[in-house]
Each structure stands twice: as C-alpha cells, then as structure tokens.
2 protein chains.
Amino acid sequence: MIKTNTRKSPEHTRQLVLSATLQLFTEKGYFNTSVRDIARESQVSIGSIYHHFNDKEGVASAMYNDLLKRMSESLEDIQRNNDSAHERCHAVIELLFKVTEEEPQLMEFMMYSKHREFLPDEAPICSAQPFMLMREMVAHGMETGEIQNLDLMVASSCLYGGAIRMITSRLDGIIEKSLLEYVESVWECSWRSIAVNQLV
Amino acid sequence: MIKTNTRKSPEHTRQLVLSATLQLFTEKGYFNTSVRDIARESQVSIGSIYHHFNDKEGVASAMYNDLLKRMSESLEDIQRNNDSAHERCHAVIELLFKVTEEEPQLMEFMMYSKHREFLPDEAPICSAQPFMLMREMVAHGMETGEIQNLDLMVASSCLYGGAIRMITSRLDGIIEKSLLEYVESVWECSWRSIAVNQLV
DNA sequence: TTGACTAGAACGAGCGTTCGTTCTAGTATT
DNA sequence: AATACTAGAACGAACGCTCGTTCTAGTCAA
C-alpha cells in the first residue's frame, strides 16, 4: 500500500468527498466526472467512497440535499429577522447575489445543473424547500397588503425572475462586475413590478 | 440485408434524426441517450447517422443551431412587424409562452439543457443570437424613452426574467394551466418594472 | 459503373461497481 | 501495562457492460 488516508472521522471523509464533488460537477458536469475523478480529487479511495455513499448517484444526492439544507437555513434566518415582505424579499435577493459571488460553484450547481438528469427522483428545484420559502414570503406580502393580489406563481416569478436571470448571466460570464453592485437597481425594478401602487 | 430505408433525400434523413434526437434529449438528456437509441427511434441506421453528422456531438450541435435559428427568425419577424419596444417585448413574451405550449420539448432543450456540458464550444445561451435580439429591443426602448435608463443587463433581466421563470415552472410541471392565460398579467408586471413612469 | 448512401457487426476505451483484503482505533481481558 | 479481539474505514485491482466510433459489405439512382 503506497499511502493511507490517516483516519480522522467518517464525517471528515464525507466532507472531503462532497467538496471535491461539488468542484468537479460544476466544472465538468455529472456525466463528465467519473468516480475515479472524485477519488483522485478528494484523496479518498474509490472503496471508501462506495462505503460512505452507496453509488455515484448517492454522492450527487447527498451533495444536493446538503446544499438545499444550507440554503433553507439562510432563508429561515431571513424570515426570522425581518417582518415585512419588502424587507424579506430584498434580503433574499441580496443573499442570492452574495452566495453567487462567494460560492459560485454552489450557485451554479443549484441553478444550472438540471439535476433531474441524474437525480430523477428529486423534485424539480422550484418545488424544493428554498423556493417554497421564497414563495411563502410573497404570499405573506399579499396578506399584509404590501404586494398586489396576483396569482402567486406570477407574483413570485416576477419578483425573483429578474434577480435569477442576473445570476445566470453572471455565472455564464456575461456580467463582469460583482452582482452586489446591482442589488439596489434590480431590487427597485423587481419590487415595483408587483408592489401595490404607492405614490410615485 | 433485411430491410432498407426506401431512400428519400439526405435532408429527409437529417430531419428524421434531428426530430428523434430532440425527443430523446429532452426526455432523457444527452448523456442518457445513446447513438443506438437515436438510430432506433429515428429508424435511421448508425452508419447513416455517422455519415450525415460526424459524431454524436455533431448531432447535438446541428440540432441546437437549428433551434436557435428558428427562434431568431421569429424574433426578427417581431422586430419587423412592431415599432415600439412596448409592442415588441410584449410580442416576445407571447411568442415564448406560445412556443412553450406548442413545442415544450424545444423550449425545454433551449432553457434547461445546460448545453455547455456537451457542447463546450458553443457560447452560453444568453449570449446566443436570440437573447441578443431580445436585449437589442430593450436598448431600443431606452433610446425612444419608453424604458428607464438602466444598465442594459439589469433592464433586460427584469423585463424577461419573470416570463422565463414562468416558463421553467411550467416545464417543471409546477404550473398546470396554459401559460397563454398568464400573458397579460406577467406582461403588466414585467413592463411596469422598467417602464418610465407614466400616470398611475 | 460510379459515388452517395445505408446497414449493423465489431472494436476498444472507459465507465460504475464489486469484493477480498489491509489497516486503524478502540475495547475488553488478563 | 500488555495482549487479543472487534468493528468498520480504507484500499484498488478486476469485472462486466455500455458507449461512441469505425469498418466493410451491400444498395440504389443517375
């Protein structure tokens, strides 16, 4: 045996694998990444990977759920710390932009990866919890009278759609400056699109 | 030899292959579709496929460019037949919704398929011609004073973002009714988000 | 007859996965 | 303190299979 991963903890190994996997999947995609690639990049042996996750799909699935969970936690924080829909939704867009800048790979995976091609049993991303929380905030805004009484899908698509489009453009390299510089102007447009008319 | 594809024309064969491919790619994705699958579905032999397209990527590439071209032509029609940015952009959203309803597979492929995973040399979709035409319409609206003087990316993201989000939701099965029923309400929100203030 | 086209068997590379084994850290026994 | 034992983490060669692609033989229209 040439070298041995001096054992730390199962959790440590899992994290090694997951972070290498995120890196590789966002770089080359699921199908262009082999388990061997993951083993090489994470310095964890193939056998170990199969020991911790059952198969390649298990790795993808674990990673995906990790990311969704982290995202949901952030959104719940926002919900706790803000009362009005106006503040909450603004904070959401700021969060999404910040994550895009700080962890573009994470964002790319969540946005782009059409995970259903390799995780066919997962729900589509927009019925996943983070997006449901985002819609919930919009619904709350309708109740408090901040937001026009529209179809919920229409309202949340219009409110978040602009920001999401900015994110994908940024990830595709079409936008060169940091998204954080655009928060306020995107927010003004997005909010105006569905807010009840105030004095203009 | 058991049977022979009664020979029609090279163009006919190409179309058989491309339409089967669109079907398969949107159904199962590029990587879950083998050349054998395409041959079976299109009733064109493997040899023929390789004769007409050089390789699997060639099939994908031909199809992708076909779709972009058709989309561009529709957008140019819109540009020709409408003068104001207001009319043009409204027509664009209506077009996108209509295509989504009539040819969801086409839309799904263009929207979702992260084509860069298998067409790494193509530009990202949002710098492809259709999206450039869409941005051009927005720029035109700024010149005529219909649209606020915003950063071009911000303005077009906000104008089209809501509609695009509706499309992906529809494709994911989150929206059950035809998008055509939402055209006007989405349009009102989208346009309000970036139009210069008129009397409210 | 020629050359574009069709056909599908054959090929080899690379894949996900398995499995027999080794290694390590911790526990129980003395 | 020394030893024996155990659970499970780590290892990677090997397997079987599927894939994209090639190749040779055959077909048909001009």
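By convention in this document, chain letters (A, B, ...) are assigned in the order of the sequence lines, proteins followed by strands, and residues within each chain are numbered from 1. What's counted below: heavy atoms across the whole structure, side chains too, no hydrogens, waters or symmetry copies.
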salt_bridge(A:R80, A:D77) N-O dist < 4.0 Å: yes
Any chance you could measure A:I194, atom CD1, to B:S190, atom OG, to the nearest 0.5 Å? 11.0 Å
Is the NZ atom of B:K28 crowded by more than 12 outside heavy atoms at less than 6.0 Å? yes
Atom CD1 of A:I49 and atom P of D:dA13 are separated, to the nearest Å, by 15 Å
To the nearest Å, how far apart are A:E57 CD and C:dC15 P? 18 Å
To the nearest angstrom, the OH-P distance between B:Y30 and D:dC19 comes to 13 Å
Return the value, rounded to whole Å, for the distance between atom CZ of A:F31 and atom C1' of D:dC19. 13 Å
Candidates C:dG8, C:dT17, D:dT22 - which lies nearest the side chain of B:S45: C:dG8
Nearest-0.5 Å distance that lies between atom CD in B:E57 and atom OH in B:Y30: 5.0 Å
If the cut-off is 4.0 Å, is A:T13 near the phosphate of D:dA9, judged by side-chain N/O to OP1 or OP2? no
Mind checking whether A:Q129 and A:L75 have side chains closer than 4.5 Å, heavy atoms only? no
Nearest whole angstrom, please: distance from the P of D:dA9 to the CG of A:N54. 13 Å
Between atom NE2 in A:H12 and atom P in D:dG8, what is the gap in whole Å? 21 Å
Does some side-chain heavy atom of A:M166 sit less than 4.5 Å from a side-chain heavy atom of A:F97? yes
Atom CZ of A:F53 to atom P of D:dA9: distance rounded to whole Å? 12 Å
Nearest whole Å is fine: how far is D:dG20 C1' from B:D37 CG? 12 Å
Indicate whether OP1 or OP2 belonging to D:dA9 is found under 4.0 Å from a side-chain N or O atom of A:H51. yes
By nearest nucleotide on DNA chain D, pick out whichever of B:G47 and B:K56 is the more 5' one. B:K56
If you check the B:S34 side chain, which of D:dG8, C:dA7, D:dG20 turns out closest? D:dG20
Using a cutoff of under 3.5 Å, can you pull out all pairs of nitrogen or oxygen atoms linking the protein to nucleotides 14-17 of chain D, with atom names and distances?
none

B:V35 side chain: which of C:dA4, C:dG16, D:dT21 is closest? D:dT21
Heavy atoms only, 4.0 Å cut-off, all strands: where does A:S48 land among base, sugar-phosphate and nothing? base
Going by side-chain hydrogen bond (donor to acceptor under 3.5 Å, both in side chains), B:R170 matches just one of B:E176, B:E101, B:E108. Which one? B:E101
Hey, does the side chain of A:H52 come within less than 4.0 Å of D:dA10's phosphate (OP1/OP2), counting only N and O? yes
